[in-house]
Protein chains: 2
Amino acid sequence: MKHSELCPRFEKGMGLLSKRWTGLIINQLLLGPQRFCEIESSLPISGRLLSERLKDLEREGIANRVVFPETPVRVEYSLTQKGQALQPVIESIQEWSHDWIELEDETQSHTESL
Amino acid sequence: MKHSELCPRFEKGMGLLSKRWTGLIINQLLLGPQRFCEIESSLPISGRLLSERLKDLEREGIANRVVFPETPVRVEYSLTQKGQALQPVIESIQEWSHDWIELEDETQSHTESL
DNA sequence: GTCATCTTGTTACTTTTCGTAACTTAATAT
DNA sequence: ATATTAAGTTACGAAAAGTAACAAGATGAC
């Protein structure tokens, strides 16, 4: 129960990134500002969680939220400087994934593990 | 409900990294091989979760597990090549955290939010 | 012999987070 | 009036995380 050596900034940063969906949402926003439904369509995430994660990101100063009061309403999310600064993180994860992750083949019908 | 553009390797890699504790455990193992109780002491993680995460990492080929049948038993965990290859990822997260995360001060007794 | 000790887990149980689906709001079109 | 659409929210069951107590197995203390 001594965890003294750990840098608290790093611990907090890692805590943000290691919440489910956060990395993938940021990856999506690195492509440019996007509205809620675009992010939702680009990822297998539900509206409930997406809404929750975007609120987290806004609260942490990583994402901006802009409402266009059209009908129906349009809301655009974009990255702040702090969010843009995550690009090297995302890129390094992309490189590692490309180099080291192998896909298990999904050609079988879903009746394995029986 | 279309999430077609997403690279499955990246999605899987991000899935690994965005499990709670995974990043911090890998960060610890980047310092060198360590036994179970050392990792446990270095992080505010419980034995149950640490055991679970280390099994995940072993199954993914990221960590090695070596048992020394002494008394009491000693078990050492270390990173494989695949695990070592995560160093740039961890480093980029460290840099971002250093540059952009600010700590809220914890000088108050824990009676805020009332 | 029996009891305590130490490490690496596991089991049992509670709390938090996630996943799914139905519902809400507000402006417009039919 | 009713349907439509985007952006959420609410409700609820399922999965994951947190906590604490316990187990195995060899040793040393009494």
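We use all heavy atoms of the structure for the numbers below, so side chains are in, but hydrogens, waters and symmetry mates are not. Note on naming: letters A, B, ... go to the chains in the order of the sequence lines (proteins, then strands), and numbering restarts at 1 for each one.
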(message) Strictly under 4.0 angstrom, non-hydrogen atoms only: write out the protein contact profile of nucleotides 12-18 of chain C, one letter per nucleotide from the 5' end, B, S or -.
(response) B-----B

(request) Let me have a per-nucleotide readout for nucleotides 3-8 of chain C, 5' to 3', with B, S or -, counting only protein heavy atoms under 4.0 Å. (result) ---BSS

(request) Could you tell me whether the phosphate oxygens of dA20(D), OP1 or OP2, come under 4.0 Å of any side-chain nitrogen or oxygen in Ser46(B)? (result) no

(request) Output yes when Lys12(A) and Glu60(A) qualify as a salt bridge under the 4.0 Å nitrogen-oxygen rule, no when they do not. (result) yes

(request) Measure the CD-CG distance between Glu58(B) and Asn64(B) for me, rounded to the nearest 0.5 Å. (result) 7.5 Å

(request) Mind calculating the distance between CG (Asp56(B)) and C1' (dG9(C)) to the nearest angstrom? (result) 15 Å

(request) Measure the distance from CG on Leu54(B) to C1' on dA17(D) and round it to the nearest whole Å. (result) 16 Å

(request) Apply the side chain to side chain contact (heavy atoms under 4.5 Å, CB included) test between Ile26(A) and each candidate in Leu29(A), Leu24(A), Thr22(A); give the one that qualifies. (result) Thr22(A)

(message) Ser18(B) vs Trp21(A), test: side-chain contact (heavy atoms from CB on, under 4.5 Å). Steps then yes/no.
(response) CA-CA 8 Å; Ser18(B) 69; Trp21(A) 300 114; over 6 Å; no

(request) Nearest whole angstrom, please: distance from the C1' of dG19(C) to the CG of Leu50(A). (result) 14 Å

(request) Locate the shortest heavy-atom distance separating Val73(B) from Val67(B); write the atom from each residue and the value. (result) CG2-CG1, 3.7 Å

(request) Round to a whole Å and report the spacing from CD1 of Ile45(A) to P of dG19(C). (result) 8 Å

(request) Can you tell me the distance, in whole Å, between the CG atom of Leu16(B) and the P atom of dA16(D)? (result) 14 Å

(request) Quick one: closest heavy-atom pair of Lys82(B) and Gly61(B), and the distance? (result) CB-O, 3.6 Å

(request) Please name all residues satisfying side chain to side chain donor-acceptor pair (under 3.5 Å) with Asp56(A), sequence neighbours left out, ordered by chain then number. (result) Arg53(A), Arg59(A)

(request) Take the protein atom CD1 of Ile39(B) and the nucleotide atom C1' of dG9(C), then report the distance between them rounded to whole Å. (result) 13 Å

(message) Could you work out, with side chain to side chain donor-acceptor pair (under 3.5 Å) as the rule, every residue matching Arg74(A), not counting sequence neighbours?
(response) Glu70(A), Glu76(A)

(message) Suppose we screen for side chain to side chain donor-acceptor pair (under 3.5 Å). Which residues come up paired with Ser92(B), at least two apart in sequence or across chains?
(response) Ser92(A)

(request) Check the hydrophobic clustering (I, L, V, M, F, W, Y; side-chain heavy atoms under 4.5 Å; chains of links allowed) and say if Leu31(B) and Val75(B) are grouped together. (result) no

Would you tabulate the pairs of protein nitrogen or oxygen atoms and nucleotide nitrogen or oxygen atoms of nucleotides 28-30 of chain D closer than 3.5 angstrom?
none

(request) Say whether Val66(B) and Tyr77(B) are linked into one hydrophobic cluster, either directly or through other cluster members, by side-chain heavy-atom distances under 4.5 angstrom. (result) no

